[in-house]
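Down below is the structure, laid out as structure tokens.
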Protein chains: 2
Amino acid sequence: MVRKRLHDPVDGRPTVHTVAARAGVSIASASRVLNGLGASDETIRKVRAAAAEVGYVPNAIARSLQSQRTGLVALAVEDIGNPVYVAMMRAIEAVVASSGRQLVVHATGGHIPSETALLRRLANRYVDGMIVSPIRVTNDHLTAMIESPVPVVVIGQLREDAPVDNVRTDSRTGVGLAVDHLVATGRRRIGFVNGPLDTVPGAARDAGFRAALAGHGIEPDERLIEVGDFQYAAGRAAAERLLARATPDALLCANDLIAVGALHALLAGGRRVPHDVALVGMDDTELAQMMFPQLSSVSLGSAERGRRAAELLLQRIAEPALPPRREHVPPALSVRASSEPVAAGPAA
Amino acid sequence: MVRKRLHDPVDGRPTVHTVAARAGVSIASASRVLNGLGASDETIRKVRAAAAEVGYVPNAIARSLQSQRTGLVALAVEDIGNPVYVAMMRAIEAVVASSGRQLVVHATGGHIPSETALLRRLANRYVDGMIVSPIRVTNDHLTAMIESPVPVVVIGQLREDAPVDNVRTDSRTGVGLAVDHLVATGRRRIGFVNGPLDTVPGAARDAGFRAALAGHGIEPDERLIEVGDFQYAAGRAAAERLLARATPDALLCANDLIAVGALHALLAGGRRVPHDVALVGMDDTELAQMMFPQLSSVSLGSAERGRRAAELLLQRIAEPALPPRREHVPPALSVRASSEPVAAGPAA
DNA sequence: TTGTACGCGTTATCAT
DNA sequence: ATGATAACGCGTACAA
């Protein structure tokens, strides 16, 4: 015989069997009482007492094996320290926690292979679903998402025909809001500090900027356009390059980190903001309000996108057969001191 | 008979049985091959082929039930959006991920009951361990941690005799570094904007401030001390109250968020930084370098504390019998523009 | 080397 | 209402 011990926990912690034995009932009755199902008053009393005495706590893993649910939801983003993703994560965690579930976070470093590997790992079902916000969505991403046995929700742009739940914003239009505002307040030589053009956000913002200028009959001046990374240091460097060769009366930045870098470049170079140069960022993170002067910024609803994505995911977990859904969060411009019209008008 | 189906997965996804049947071997052989244990070349070939054909992926939950390990590690902090915790979380995630595990995050809102409830939930073993950074450690915290079947590591102050792994810094000394620096650069009327005194960090910083002043023979002036919350808005309001009734030549803030608020209050009030008032924050978050002027700040090694805590936890998971350990991360002052000595000396 | 069978801890089904 | 037992999917001790 193999059975050295039968239902006697190896580490001394009580199981249903422990409780059942102590209460003098079957494990079935014990389980029923512990799950609030029907039983006689006497049985209920005995089981409750036994459970309390031994300090019984149900094992989450065993329960998961039975229920085929882990109660976990994953979030995969490039960098969990980036203010945009922090805002998303915060909102997602709130929704997930309020549903009694928990959030598993992954930092992908924007590395495509790690992202797809993560998606493929969903096949082992360590979570009930995943929210992913990739910089770029490849075919590998798509097939991995479609083959996943647990639902995936994408925050960001996605092919129209992709059968995947999706929450997106329209950063192109968002750039337009900023340009319109700057033009309306008398700015004409509008500079643009963008992120890499081979990313989805970078490309969309570039297109939006040129389209918006065209809408006002302004010819784009390539000397007023500079590209760096979506980071503070890169933004500052890019702004410095731009300022060294041109004299904009406004600077639009592809995100708030870049805008903060640009602010440094401007102030260090002796430019007054907004008097000499108006400054507008994007993402409208907490950072924008913390700067002096406070930064105008185009909100792309990061928190709202996170919230909506979490809700979509929870719905689909509950109802897997739902058709793919696509939600839009519109951009909105928050005007603050950094781009307020100045009495004397911009430096001429 | 009950057995409608025997080892035939309900959702159509392959299990070891599927693979074994297809390869014409027993599940034991299949399992062995899939886990890289010994088997004949022929068996290996057949099993590998069968697994590939049906797209077999091991089920994480079943594996956990067997191994008594989830491969998950939890982190519980007040607010996953606070720059300090973001820095910690980033470092922790990196360590955890590099060990092949995953990170579950919890936002406690600084709510004591939720924190202790979270610790008690460890009894159901949904994770292999937890890192927690409580604002305050109650007896409830301690008993919950001690009774937990999985290891807990605390980032922050803890009773000396608490048998719990612990990583801490010395913010009291940290405050001293800042005061020393300010005094050495000619400041005498040093103001202090602190967080709530009934929190561990708030109390430590208050004590440190008074002790440091005493060390320089300076009498603490209560009008130069103000208390708010550890947040931007509260910090700004607190600084405004202080500036309305006193004229400090330096301002020390209990964290960087407060310091940013104070910077706003100073600049909005027409004070020059550092010329009129030197400014020093604490935590040395990324925020400090993003401000203009860049903020001096006392580093309390948030990322380093996170990294060390994660390593302690992983070690203890591997070796549960280890004696409790206590690690210290020393504070360090980063001097930047906001507190650099000014040629003319501070306004007199 | 290979197969049989048990155990992980829980819930659910069936028969009593 | 209660108890015996299958089942979730995996790993492995033991016997062959």
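Scope of the values below: all heavy atoms of this structure, side chains included, with no hydrogens, waters or symmetry mates. Please read these numbers as outputs of a predicted model, since none were measured by experiment. By convention in this document, chain letters (A, B, ...) are assigned in the order of the sequence lines, proteins followed by strands, and residues within each chain are numbered from 1.
Between the side chain of A:Thr116 and the backbone N or O of A:His141, no donor-acceptor pair lies under 3.5 Å.
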Original post:
Hey, mind stepping through A:Gln315 and A:Arg325 against side-chain hydrogen bond (donor to acceptor under 3.5 Å, both in side chains) and telling me if it holds?
Top reply: CA-CA 11 Å; A:Gln315 283 170 22; A:Arg325 290 150 303 167; 2.6 Å; yes
Original post:
Which is it for A:Thr70 and A:Asp128 under the side-chain hydrogen bond (donor to acceptor under 3.5 Å, both in side chains) test, yes or no, and what are the steps along the way?
Top reply: CA-CA 6 Å; A:Thr70 61; A:Asp128 295 338; 3.0 Å; yes
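The CG atom of B:Leu37 sits 7.5 Å away from atom OG of B:Ser31, with the distance rounded to the nearest 0.5 Å.
Protein atom CG of B:Leu37 is 7 Å distant from nucleotide atom P of D:dT12, rounded to whole Å. Nucleotide D:dA7 holds its P atom 11 Å from the NE2 atom of B:His17, rounded to whole Å. Distance CD1 (A:Ile61) to P (D:dC10): 15 Å, rounded to an integer number of Å. One atom, CZ of A:Arg125, and another, P of D:dC10, lie 10 Å apart when rounded to the nearest Å. Summarising the geometry, the separation between CD on B:Glu42 and P on C:dT1 is reported as 14 Å, rounded to the nearest angstrom. If you take CG of B:Asn59 and P of D:dA7, they are 18 Å apart, rounded to a whole angstrom. Nucleotide C:dA12 holds its P atom 13 Å from the CG atom of A:Leu65, rounded to whole Å.
The listed nucleotides are D:dG11, C:dC8, C:dT1; the one nearest the side chain of B:Arg63 is D:dG11.
Nucleic acid contact class of A:Thr43 (heavy atoms, under 4.0 Å, all strands): sugar-phosphate only.
Residue side chain B:Gln66 reaches the base of C:dG7 through a donor-acceptor N/O pair under 3.5 Å, judged by distance alone.
Summarising the local packing, CG of B:Asp161 is surrounded by more than 12 heavy atoms from other residues, nucleotides or ligands at distances under 6.0 Å. Around atom CG of A:Asn35, more than 12 heavy atoms belonging to other residues, nucleotides or ligands sit under 6.0 Å away.
In this structure, B:Tyr126 does not reach the C:dG9 phosphate: none of its side-chain N or O atoms is under 4.0 Å from OP1 or OP2. The shortest distance between the side-chain N/O atoms of B:Ser40 and the OP1/OP2 oxygens of C:dT2 is below 4.0 Å. Between A:Gln68 and the phosphate of D:dG9, there is a side-chain N or O to OP1/OP2 separation shorter than 4.0 Å.
Of the charged side-chain nitrogens involved, at least one lies within less than 4.0 Å of a carboxylate oxygen, so that B:Asp79 and A:Arg90 count as a salt-bridged pair. Taking a cutoff of 4.0 Å between a charged side-chain nitrogen and a carboxylate oxygen, A:Glu311 and A:Arg308 do not qualify as a salt bridge.
For the segment residues 24-36 of chain A, residues with any heavy atom less than 4.0 angstrom from an atom of DNA chain D are, sorted by number, A:Val25, A:Ser26, A:Ile27, A:Ala28, A:Ser29, A:Arg32.
Between the axis at the start and the axis at the end of the helix from C:dT1-D:dA16 to C:dT16-D:dA1 there is an angle of 50°, using five pairs per end and rounding to 10 degrees.
Residues satisfying the side chain to side chain donor-acceptor pair (under 3.5 Å) test with A:His106, not counting sequence neighbours, are A:Tyr126.
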